[in-house]
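The next block holds one structure in the form of structure tokens; read it before the comments.
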Amino acid sequence: YFIQSNLSQDKMSNRGPAYGLSKEVQDKIESQYSEELEGQCRDWIAAVTGEGFPDNGTFHDALKDGTLLCRVMNKLVPGSVPKVHKSKLAFMAMENIGFFLGAANEHLGVKREELFQTVDLYEKGNMTQVLWGITAVARYARKLNKDVPPLGPDLATENVRNFDEETMKKGNSIVGMQAGGFKGANQEGMTFGRPRAL
């Protein structure tokens, strides 16, 4: 027999309300959530997939099962998510989210630190990080293909400088400002314990 718990639809694990420091941290995370960025992410997802963003439910509801994110990834990099579960079962939905995150890292080169964790989306634990993760995917996708619609600023490009040997030697003779020189200023006249002259 299965005992049915009275957990809310948004939470998968049995977590009680946050108190103290945990509550402060959760409040700070939630205060950083941007409705404007959510709208931009909705528009970007709709532009990439060529479909309208689902109107029924919240942003979280539309992304929670991971299928929409997998469609986005397959549009950005065809075949990058070969298997997408259509089931709404928790472990299959979380696996879909994992497929998206893995493909973003492997095929687009998005650093794991810039993405979100599966539970951030599935359990609605940190939707701010989900928004930031989607913008990171957009930046890296646009770096590989300028035809991808923009979402936020483009990814910065590396600016490598190659100096010849003579220039490198000149640099060795320069004393940096942190090494103690400050335009001729020094500690002359500063003594410790000297009586004040009246």
Side-chain angles (χ1 to χ4, degrees), residues 2-49 51-73 76 81 84-142 149-156:
F2 293 100
I3 299 173
Q4 187 166 4
S5 66
N6 57 358
L7 297 175
S8 73
Q9 292 290 340
D10 288 342
K11 298 287 183 186
M12 188 182 99
S13 60
N14 189 11
R15 289 191 190 136
Y19 296 100
L21 183 60
S22 297
K23 176 73 171 139
E24 289 178 29
V25 169
Q26 189 63 35
D27 288 347
K28 184 169 184 173
I29 289 170
E30 289 173 4
S31 73
Q32 294 175 343
Y33 192 82
S34 167
E35 298 286 336
E36 181 183 349
L37 184 56
E38 177 191 312
Q40 292 171 359
C41 288
R42 283 175 179 262
D43 294 343
W44 182 79
I45 289 170
V48 169
T49 60
E51 312 163 9
F53 194 88
D55 289 333
N56 54 339
T58 64
F59 185 69
H60 171 253
D61 294 335
L63 300 181
K64 182 177 179 178
D65 67 359
T67 56
L68 182 56
L69 291 175
C70 289
R71 286 200 308 271
V72 166
M73 188 55 63
L76 296 173
V81 183
V84 180
H85 302 297
K86 302 293 182 201
S87 173
K88 300 284 186 190
L89 292 173
F91 72 93
M92 290 191 171
M94 289 194 293
E95 197 169 44
N96 284 343
I97 297 167
F99 291 155
F100 168 79
L101 296 172
N105 178 255
E106 184 179 330
H107 296 287
L108 296 178
V110 183
K111 296 175 186 154
R112 294 223 180 253
E113 304 84 48
E114 294 187 70
L115 293 169
F116 53 92
Q117 295 180 5
T118 302
V119 295
D120 290 339
L121 172 57
Y122 190 81
E123 294 184 3
K124 203 175 181 180
N126 189 348
M127 290 301 291
T128 302
Q129 187 62 43
V130 173
L131 294 177
W132 294 343
I134 291 170
T135 58
V137 168
R139 280 195 312 272
Y140 281 83
R142 192 156 163 76
L151 175 60
D154 283 347
L155 193 65

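Each residue takes its place number in the sequence, starting with 1.
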Any side-chain heavy-atom pair of [X] and [Y] under 4.5 Å:
X	Y	value
Gln40	Leu151	yes
Val137	Trp44	yes
Ile134	Val72	no

Mind listing the closest non-hydrogen atom pair of [X] and [Y] along with its distance?
X	Y	result
Cys70	Val81	SG-CG1, 3.7 Å
Thr135	Cys41	CG2-SG, 4.2 Å
Met94	Tyr122	CG-CG, 3.7 Å
Phe100	Met73	CE1-CE, 3.6 Å
Asp61	Gly57	OD2-CA, 3.6 Å
Pro54	Arg42	O-NH1, 3.9 Å

About how many Å separate [atom2] of [Y] and [atom1] of [X], when rounded to the nearest 0.5 Å?
X	Y	atom1	atom2	answer
Tyr140	Leu76	OH	CG	14.5 Å
Thr67	Ile97	OG1	CD1	9.5 Å
Thr58	Lys64	OG1	NZ	9.0 Å
Leu69	Leu101	CG	CG	8.0 Å
Trp132	Glu113	CH2	CD	14.5 Å
Asn126	Glu30	CG	CD	9.0 Å

I'd like to know whether CD of Gln117 has more than 12 heavy-atom contacts from other residues, nucleotides or ligands below 6.0 angstrom.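 Check fails, neighbour count at 12 or below.
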Check the pair Leu131 / Tyr33 against side chain to side chain contact (heavy atoms under 4.5 Å, CB included), numbers first and verdict last. CA-CA 8 Å; Leu131 294 177; Tyr33 192 82; 3.4 Å; yes
For [X] and [Y], indicate whether the former's side chain and the latter's backbone hold a donor-acceptor pair under 3.5 Å.
X	Y	value
Asn96	His85	yes
Asn105	Lys111	no
Thr128	Ile29	yes

Sequence neighbours left out, what pairs pass salt bridge (charged side-chain N to carboxylate O under 4.0 Å, His left out) with at least one residue falling in residues 129-141?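 Qualifying pairs, neighbours excluded: Glu114-Arg139.
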Scan for salt bridge (charged side-chain N to carboxylate O under 4.0 Å, His left out) pairs involving residues 18-28, sequence neighbours excluded, and state none if there are none.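 Of all non-adjacent pairs touching residues 18-28, those that pass salt bridge (charged side-chain N to carboxylate O under 4.0 Å, His left out) are Lys23-Asp27.
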I'd like to know whether Phe116 forms a side chain to side chain contact (heavy atoms under 4.5 Å, CB included) with Leu121, so could you lay out the CA-CA distance, the side-chain angles of the two residues, the decisive distance to 0.1 Å, and finally the verdict. CA-CA 8 Å; Phe116 53 92; Leu121 172 57; 3.9 Å; yes
